[in-house]
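Here is how names work: the chains are called A, B, and so on, in the same order as the sequence lines, proteins then strands, and each is numbered from 1.
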Amino acid sequence: MYKDTDCGEPRESMVGSQITVAGWVHRRRDHGNLIFIDLRDRSGLLQVVFNPEHGEKAHDLAQSLRSEWVVQLTGKVVARLSGAENPDLPTGGVELSVTDLVILNRSITPPFEISDDVEVDANTRLKYRFMDLRRPRMQELLKLRHKVTHTMWNYLTEQGFTQVETPILIKSTPEGARDYVVPSRVHPGDFYALPQSPQQLKQLLMVSGVERYFQIARCFRDEDLRADRQPEHTQLDFEMSFVHQDDVMEVVEDLYTLIATETVPETTVSGPFPRLTYAESMERFGTDKPDIRFGLELTTITDTAASSEARVFQAVASSGGSIRGFVAPECGNYGRRQTDDLTEYAKSSGAQGLVFIAIDESAPSIDALEDEHVKSPLKKFLSLDVIKKIATEMGAEPGDLMLIVAGTEKLVNTVLSNLRSEMARRLDLVDSKELAFVWVYDFPLFEWDEELKKYEPAHHVFSSPKAEHMDFLDTDPGKVIGTLWDLVCNGSEMGSGSIRIHDKDLQTKLFNIIGYTEDQISERFGQLLTAFTYGAPPHGGMGLGLDRLVAILAGEDAIREVIAFPKTQSAFDPLFEAPSRIEQQQLDELHIRVVMPKT
RNA sequence: GGUCCCGUGGUGUAGCGGCCUAACACGCCUCCCUGUCAAGGAGGAGAUCGGCAGUUCGAAUCUGCUCGGGAUCGCCA
């Protein structure tokens, strides 16, 4: 070893001992005859002092030291001079008085300072990711992620799970997201696909009798990126045989509570996790991933609003749309600027407009509302009676602002759920120290795709319909509820699970409903259906996003921060400059000809 | 595919039609300095303002296109 002690270790109790440390020059303070260096390694910072009286050669050499040089230092741990202690450092009571210095490597001037305080351009950070990761915060995030996966391994092992690796080179099943694809050399013209998730594989493992499987699995999707979406992401993927919904939820609830309490003890996790049906979540929050850390719940006022003189409301209601809204408490005094701002926000989510009704705080009560207490752009179309009724339905009080959106139900929900989050931010209603997990369950199995004029799986095709809804499969697939659920935390989808279908005929029936031909079914799912005919146990499981979990635990918005080597929004890796061209010879071997797009 | 924001020395910012032959902080280089810890002092180097095309007597500053980054809608079973 180049060192016998880590930089973060020395304490007053070690004064007098001779140690050898090695690390990076974090900062240098050269006083001429006295040189201080903050030496950094993964454990922290240690001040070392070069004094010619204690090591003349080392002191001379130390004059050449620069930021990020790698050095090995031997010397004696000494107590700092009285008054020269640094209370900000764990090692601040002592320092290393150096007798010997070995320069292990030099560094050219770093592209940016290795410090948490410096905001560096995202591209530069990724191009020099190996430097970026030297920052204490990034080291912390890497360790946090490790701790989370370590806890997962330990916990699931204790619970009798077996970790099984599944192939990365597998088969394209082109429903859902776009596949990343890998050409085959030995099978000209054929391609593997990288898994979007190990879904079929883990179900096959259940048929294999593994009973309890898990994997920290890499998943690949060739879709546009977001702060919380990378082309490759990691899932805690697990599957269990002979279980019901509650059994699966219990495992996750215990595991995630354990992870949260072990890794971020300063946050609060309330358990048991609340449960909402999909229908209830949509009704109350307008989304299937509600942030339940704050109220601002939605109310439907379609009938009341349509009974007014307002054409917008009448038109929407008569065309089968809905009119909904929520109350922004104590925002009745919002000025033009603020309401314009909110309208802009609503429009960016797709709304045609946003209707306000402000109730002045001088109003004695909703019942005693007078004309002068109401401000609204639609005021002349809304009778006082209608306004009173709307306010009562929505639960508005004097001083409040009602935000109302009209349109198709889907649009109204999208707009209002976004607006709800935005208002929570503006009103500072979010406790950042809270992890509000919530189960959303009873998802419908299918969604009607208006463009394709057919049913699409709402989550995925392998989820089991509720026993009592089997008849709807033939009569009205849109009504079928699946044994299908999501885990949501602070408004983010953390993962999705279901009790799977383990019957060949039922699975085939579902494929038929979403319009797959017999050929497509056997081509894509033949292996699974065949397996089902050999005694498949009932089973269910989940896929849970690891990157999002770590990001939420860390309080980071972007999963980029918790991935060691992420890609930019255009799926580019500035460090490796991937993707890139390959040699013609490689293309030839793969029987591939590149046709560039015309520009 | 759409919308929005950003792009100035190594890093982070200021400047937003002529006062800019571009300013500030950090970093970098040289020298001085035995108790600093964002050390201090003196001096110095370093960007033509992402790229291209326009508008203008004149552009870092205005316009268009383009490239790159970010946010977001679509998309993401």
Side-chain angles (χ1 to χ4, degrees), chain A residues 26-39 45-54 59 63 66-68 78 80-89 91-92 95 97 108-115 117-128 131-132 173-179 196-197 199-200 219-231 233 344-345 347-351 411 414-415 418 422 443 445-447 449 451 455-463 482 484 493 496 498 510-511 514 516 524 543 545 557-558 560 567-570 572 574 599:
Chain A
H26 187 64
R27 240 181 272 276
R28 156 186 82 107
R29 294 177 291 280
D30 186 346
H31 290 230
N33 267 323
L34 199 62
I35 300 170
F36 295 96
I37 300 281
D38 289 335
L39 190 70
L45 291 177
L46 175 65
Q47 169 161 289
V48 302
V49 55
F50 295 90
N51 188 327
E53 292 165 19
H54 300 133
H59 178 270
Q63 289 177 327
R66 292 297 181 269
S67 286
E68 301 307 311
V78 297
R80 293 211 190 176
L81 295 183
S82 167
E85 301 90 351
N86 184 346
D88 297 333
L89 287 183
T91 59
E95 63 195 5
S97 178
I108 61 171
T109 302
F112 47 80
E113 191 189 333
I114 307 305
S115 153
D117 308 327
V118 189
E119 291 264 326
V120 185
D121 166 71
N123 213 25
T124 311
R125 287 182 61 194
L126 291 189
K127 186 170 176 189
Y128 296 95
M131 299 299 283
D132 190 39
T173 52
E175 79 283 358
R178 214 173 281 116
D179 283 320
Q196 297 178 24
S197 86
Q199 184 62 35
Q200 287 195 60
C219 304
F220 304 86
R221 291 172 190 182
D222 186 5
E223 294 292 345
D224 287 353
L225 282 68
R226 287 286 190 285
D228 63 354
R229 272 157 35 189
Q230 282 274 313
H233 76 283
E344 222 22 71
Y345 189 87
K347 282 182 175 169
S348 74
S349 297
L411 181 75
T414 305
V415 173
N418 288 343
E422 175 65 15
F443 275 79
L445 222 39
F446 304 102
E447 263 169 16
D449 188 312
E451 275 177 36
Y455 282 106
E456 289 281 307
H459 265 64
H460 67 54
V461 264
F462 307 108
S463 299
L484 172 56
E493 186 188 322
S496 185
S498 65
L510 262 81
F511 287 139
I514 58 175
Y516 287 172
R524 296 172 191 175
D557 291 329
R560 223 180 299 124
K567 296 186 174 51
T568 67
Q569 199 160 77
S570 61
F572 184 71
T599 38

Undergrad: Rounded to whole Å, please give me the gap between CE in A:M131 and C1' in B:rG10.
TA: 12 Å
Undergrad: Find out whether A:Q47 and A:N86 are in side-chain contact, i.e. whether some heavy atom of one side chain is under 4.5 Å from a heavy atom of the other.
TA: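 No - every pair of side-chain heavy atoms lies 4.5 Å or more apart.
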Undergrad: Please enumerate all residues that pass salt bridge (charged side-chain N to carboxylate O under 4.0 Å, His left out) together with A:E493, with sequence neighbours excluded.
TA: none
Undergrad: What interatomic distance, in whole Å, is found between P of B:rC26 and the corresponding atom of B:rG70?
TA: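 After rounding to an integer number of Å, I get 30 Å for this pair.
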Undergrad: Rounding to the closest angstrom, what is the interatomic distance between B:rU8 and B:rA47 at atom C1'?
TA: 7 Å
Undergrad: Does the structure show a Watson-Crick or G-U wobble partner for B:rC62, both distances under 3.5 Å? Name it, or say none.
TA: B:rG54
Undergrad: Name all residues meeting the salt bridge (charged side-chain N to carboxylate O under 4.0 Å, His left out) criterion together with A:D38; count only those two or more places apart in sequence or in a different chain, and write none if there are none.
TA: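 By the salt bridge (charged side-chain N to carboxylate O under 4.0 Å, His left out) rule, A:D38 matches A:R29.
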Undergrad: In this structure, how many angstroms lie between the P atom of B:rU13 and the CG atom of A:D117, rounded?
TA: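 So the two atoms are 14 Å apart, to the nearest Å.
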Undergrad: Return the pairing partner of B:rG43 with a 3.5 Å limit on both distances, Watson-Crick or G-U wobble; otherwise return none.
TA: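 WC or wobble partner is B:rC29.
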Undergrad: Where do A:R125 and A:V120 come nearest, in terms of heavy atoms and distance?
TA: CD-O, 3.4 Å
Undergrad: From OH of A:Y345 over to P of B:rC5, roughly how many Å is that when rounded to an integer?
TA: 16 Å
Undergrad: Given the C1' atoms of B:rG51 and B:rG7, what is the spacing between them in whole Å?
TA: 11 Å
Undergrad: Rounded to whole angstroms, how far apart are CG on A:N418 and C1' on B:rA71?
TA: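 The distance from CG of A:N418 to C1' of B:rA71 comes to 13 Å, rounded to the nearest Å.
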Undergrad: Between protein and nucleotides 30-44 of chain B, map the contacts as a letter string: B base, S sugar-phosphate only, - none, heavy atoms under 4.0 Å, written 5' to 3'.
TA: S--BBBBBSB-----
Undergrad: Atom pairs under 3.5 Å, N or O on each side, protein against nucleotides 65-70 of chain B: can you list them with distances?
TA:
from, atom 1, to, atom 2, distance (Å)
B:rG68, O2', A:N123, ND2, 3.4
B:rG69, OP1, A:T568, OG1, 2.9
B:rG69, OP1, A:S570, OG, 3.0
B:rG69, OP2, A:S570, OG, 3.2
B:rG70, OP1, A:Q569, N, 3.4
B:rG70, OP2, A:Q569, N, 2.6
B:rG70, O3', A:R560, NH2, 3.2

Undergrad: Sticking with atom C1', work out how far B:rC16 lies from B:rC6, rounded to a whole angstrom.
TA: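 Result for the C1' pair: 15 Å, nearest Å.
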Undergrad: Figure out the NZ/P separation between A:K347 and B:rG74, and round it to whole Å.
TA: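 In whole Å, B:rG74 P lies 18 Å from A:K347 NZ.
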Undergrad: Would you mind reporting whether A:E95 and A:V78 have side-chain heavy atoms less than 4.5 Å apart?
TA: yes
Undergrad: Taking CZ from A:R178 and P from B:rG1, how many angstroms apart are they, rounded to a whole number?
TA: 10 Å
Undergrad: For B:rG7, what is the paired nucleotide under Watson-Crick or G-U wobble rules, both distances under 3.5 Å?
TA: B:rC67
Undergrad: Would you kindly give the CD-to-C1' distance between A:E223 and B:rG1, to the nearest whole Å?
TA: 13 Å
Undergrad: Rounded to the nearest Å, what distance is computed from the CG atom of residue A:L225 to the P atom of nucleotide B:rC73?
TA: 14 Å
Undergrad: My understanding is that only residues two or more places apart in sequence, or in another chain, count here; which of them pass ring-ring contact (aromatic ring centres under 6.0 Å, His included) with A:F511?
TA: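 Per chain and number, A:F511 pairs via ring-ring contact (aromatic ring centres under 6.0 Å, His included) with A:Y516, A:F525.
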Undergrad: If pairing requires Watson-Crick or G-U wobble contacts with both distances under 3.5 Å, which nucleotide is the partner of B:rU13?
TA: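 Per the H-bond distance test, B:rA23.
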Undergrad: Answer yes or no: is there a side-chain heavy-atom contact under 4.5 Å between A:L510 and A:F446?
TA: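 Side-chain contact under 4.5 Å: yes.
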Undergrad: Go through the structure and list residues passing ring-ring contact (aromatic ring centres under 6.0 Å, His included) with A:H233, not counting sequence neighbours.
TA: none
Undergrad: What I'd like to find out is whether the side chain of A:I514 reaches to under 4.5 Å of the side chain of A:E456, using heavy atoms alone.
TA: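 They are not in side-chain contact.
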Undergrad: Please report the distance separating the P of B:rC28 from the corresponding atom of B:rA71, rounded so that it comes out in whole Å.
TA: 31 Å
Undergrad: Mapping A:Q199 and A:D224 to their closest nucleotides on RNA chain B, which lands nearer the 5' end?
TA: A:D224
Undergrad: With a 3.5 Å cut-off and no angle check, do the side chains of A:Q63 and A:D30 form a donor-acceptor pair?
TA: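 Absent: no donor and acceptor within the cut-off.
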Undergrad: Can you tell me the base-pairing partner of B:rA38? Count Watson-Crick or G-U wobble geometry only, both distances below 3.5 Å, and say none if there is no partner.
TA: none
Undergrad: Suppose you measure atom P in B:rC19 against the same atom in B:rA38; what distance do you get, rounded to whole Å?
TA: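 Comparing P positions in B:rC19 and B:rA38 gives a spacing of 40 Å.
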Undergrad: Given the P atoms of B:rC65 and B:rC4, what is the spacing between them in whole Å?
TA: 11 Å
Undergrad: Judged by each residue's nearest nucleotide on RNA chain B, which is more toward the 5′ side, A:H460 or A:E119?
TA: A:E119
Undergrad: Are the side chains of A:R27 and A:F36 in contact, using a 4.5 Å heavy-atom criterion?
TA: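 No; the side chains remain at least 4.5 Å from each other.
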Undergrad: Considering only the P atoms, how many Å lie between B:rA23 and B:rG9, rounded to the nearest integer?
TA: 13 Å
Undergrad: Mind checking if A:E456 touches a base, just sugar-phosphate, or nothing, with heavy atoms under 4.0 Å?
TA: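 A:E456: no heavy atom of the nucleic acid under 4.0 Å.
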Undergrad: Decide yes or no, distance alone: a donor-acceptor N/O pair under 3.5 angstrom between the base of B:rC76 and the side-chain of A:R221.
TA: no
